K.L.:
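One structure, pasted below without further comment.
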Amino acid sequence: MAASSSRNGANVLDLKCNHFVEPQGDQRASIVWLHDKDEHFTDSVQFVKSLKLKNVNWICPPIVYTNTSYDFGSNIKQDDREALDSAAKFVADLLLREPLNVIKGVGGFGMGAVVALQFATNCALGHYPINPRVVVGINGWLSITGSITSSIEYTVGAVARAASQKIFFTRGAENRLLPYTREEEVVESLREAGFGDVFFLIYSWLRHEHHLDIRDMLKLWLELSLPITKTSPLR
């Protein structure tokens, strides 16, 4: 089986080897969902099915993260940055195959969230002929926090592309791998760079039950952020 890979980071299978959760009604959105380094694409499939969003076509690619040594923020190594860019390009290729008239989005857990945020910033910087409406990062971080604002300011069209994105960014209170200051740095960097709507929340969980909490929050956020289904306002 053919594969597209980088030297040290994420090895991604080709475009023919992805798994879809097809919409049950008219397709109004296409969202790529990326699993964490210790998970499998079947975890992505199970999670997005539980959201029960009938008008979304979910794309759940299998990704093997061969390097788990990513650092936080601007300390990321050049090889690791190249790996993230390779994975982000793969996401772009997936979404460019989707119908032109549907909303595009990306999200993921852990390393999948890192790739999703890398894709979002690359899109704002005009690296691909596409820009996501929604971006979800759960227990992840942004690899270029130290330079994102200046990069957006000095790239033609980047401010407008960033402003059109909505970002759902959250982490677990008990997640000791991600210091609180890093999340605050990510959120502040995104907002200062002009990303339109950054929703940030720290949540608590018990064992694996946190997926249920995240599912409920994410489903409501997507329903409010996208014209994909009717929903009641937040109480």
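Computed from a prediction, not measured in an experiment: that's the story for all the values here.
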K.L.:
Which heavy atom of Val114 sits nearest a heavy atom of Gly140, and at what distance?
P.N.:
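In this case the closest contact between Val114 and Gly140 is CG2-CA, 4.2 Å.
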K.L.:
About how many Å separate NE2 of His35 and CD1 of Ile63, when rounded to the nearest 0.5 Å?
P.N.:
5.5 Å
K.L.:
State yes or no: do Val102 and Tyr128 share one hydrophobic cluster built from I, L, V, M, F, W and Y residues joined by side-chain heavy-atom distances below 4.5 Å, directly or via other members?
P.N.:
no
K.L.:
Which heavy atom of Asn55 sits nearest to which heavy atom of Asp26, and what is that distance?
P.N.:
ND2-O, 2.8 Å
K.L.:
What heavy-atom pair brings Ile138 and Ala113 nearest, and what distance separates the two atoms?
P.N.:
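In this case the closest contact between Ile138 and Ala113 is N-CB, 3.5 Å.
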K.L.:
Do you know which two heavy atoms are closest between Gly108 and Ala116, and how far apart they sit?
P.N.:
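Closest approach of Gly108 to Ala116, heavy atoms only: N-CB, 4.4 Å.
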K.L.:
Between atom CD of Gln46 and atom CD of Glu39, what is the distance when rounded to the nearest 0.5 Å?
P.N.:
10.0 Å
K.L.:
The criterion is side-chain contact (heavy atoms from CB on, under 4.5 Å); which residues satisfy it with Thr155, sequence neighbours excluded?
P.N.:
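Residues passing side-chain contact (heavy atoms from CB on, under 4.5 Å) with Thr155: Leu125, Ala158, Arg161.
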K.L.:
Taking the ring of Phe200 and the ring of Phe168, is the distance between their centroids below 6.0 Å?
P.N.:
no
K.L.:
Looking only at heavy atoms, which two atoms of Asn122 and Ala88 are closest? And how far apart?
P.N.:
ND2-CB, 3.9 Å
K.L.:
Any side-chain heavy-atom pair from Asp85 and Gln118 closer than 4.5 angstrom?
P.N.:
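With C-beta onward as the side chain, the pair touches.
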K.L.:
Among all residues two or more places apart in sequence or in another chain, which pass the side-chain hydrogen bond (donor to acceptor under 3.5 Å, both in side chains) test with Lys89?
P.N.:
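side-chain hydrogen bond (donor to acceptor under 3.5 Å, both in side chains) check on Lys89 returns Asp93.
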K.L.:
Looking only at atom types and distance, does a side-chain atom of Arg191 sit under 3.5 Å from a main-chain N or O of Val198, one as donor and one as acceptor?
P.N.:
yes
K.L.:
How would you list, by chain and number, every residue that makes a side-chain hydrogen bond (donor to acceptor under 3.5 Å, both in side chains) with Ser225, sequence neighbours excluded?
P.N.:
none
K.L.:
Return yes if some donor-acceptor pair links the side-chain N/O of Asp36 with the main-chain N/O of Met111 below 3.5 Å, else return no.
P.N.:
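Pair found, side chain donor or acceptor close to backbone of Met111.
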K.L.:
Who are the ring-ring contact (aromatic ring centres under 6.0 Å, His included) partners of Trp33, not counting sequence neighbours?
P.N.:
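Result, ring-ring contact (aromatic ring centres under 6.0 Å, His included) vs Trp33: Phe47, Phe109.
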K.L.:
Rounded to the nearest 0.5 Å, what separates atom CZ in Phe119 from atom CG in Leu94?
P.N.:
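Reported to 0.5 Å precision, the distance equals 9.0 Å.
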K.L.:
Decide yes or no on side-chain contact (heavy atoms from CB on, under 4.5 Å) for Lys104 and Ile130, but give the supporting numbers first.
P.N.:
CA-CA 8 Å; Lys104 308 302 191 301; Ile130 192 173; 4.0 Å; yes
K.L.:
CG/Leu218 to CG/Leu201 distance, rounded to the nearest 0.5 angstrom?
P.N.:
11.5 Å
K.L.:
Tell me, please, which residues at least two apart from Ser50 pass side-chain hydrogen bond (donor to acceptor under 3.5 Å, both in side chains).
P.N.:
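For Ser50 there are no side-chain hydrogen bond (donor to acceptor under 3.5 Å, both in side chains) partners, ignoring immediate neighbours.
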K.L.:
For Glu192, what residues pass the side-chain contact (heavy atoms from CB on, under 4.5 Å) criterion, not counting sequence neighbours?
P.N.:
Thr149, Glu188
K.L.:
Who passes side-chain contact (heavy atoms from CB on, under 4.5 Å) against Asn57, sequence neighbours left out?
P.N.:
Phe20, Glu22, Pro23, Gln27, Ser30, Ile59, Glu98
K.L.:
Partners of Lys219 by side-chain contact (heavy atoms from CB on, under 4.5 Å), sequence neighbours excluded?
P.N.:
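Partners of Lys219 under the side-chain contact (heavy atoms from CB on, under 4.5 Å) test: Leu51, Lys52, Leu53, Glu223.
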K.L.:
Is there side-chain contact between Leu117 and Ile167, with at least one heavy-atom pair below 4.5 Å?
P.N.:
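Yes, at least one pair of side-chain atoms sits under 4.5 Å.
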K.L.:
Going by the rule side-chain hydrogen bond (donor to acceptor under 3.5 Å, both in side chains), which residues pair with Asn131 if we only count those two or more places apart in sequence or in a different chain?
P.N.:
Ser164, Gln165
K.L.:
Should Val32 and Leu34 count as side-chain neighbours, where that means a heavy-atom distance under 4.5 Å?
P.N.:
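A side-chain contact exists here, since the closest heavy-atom pair is under 4.5 Å.
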K.L.:
Are Phe199 and Trp221 close enough, and set up right, to give a side-chain contact (heavy atoms from CB on, under 4.5 Å), and what steps lead you there?
P.N.:
CA-CA 9 Å; Phe199 174 82; Trp221 183 82; 3.9 Å; yes
K.L.:
If you round to the nearest 0.5 Å, how far is NZ of Lys49 from OG of Ser44?
P.N.:
12.0 Å
K.L.:
Taking atom CG of Asp197 and atom CZ of Arg133, what is their separation to the nearest 0.5 Å?
P.N.:
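Separation between the atoms: 12.0 Å.
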K.L.:
Could you please spell out the steps behind the ring-ring contact (aromatic ring centres under 6.0 Å, His included) verdict for Phe41 and His19?
P.N.:
CA-CA 8 Å; Phe41 76 87; His19 299 264; 3.7 Å; yes
K.L.:
Residues in ring-ring contact (aromatic ring centres under 6.0 Å, His included) with Phe195, at least two apart?
P.N.:
none
K.L.:
Is there a side-chain contact between Val115 and Phe90 in this structure, where contact means two heavy atoms from C-beta onward sitting under 4.5 Å apart?
P.N.:
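Contact flag for Val115/Phe90 side chains = no.
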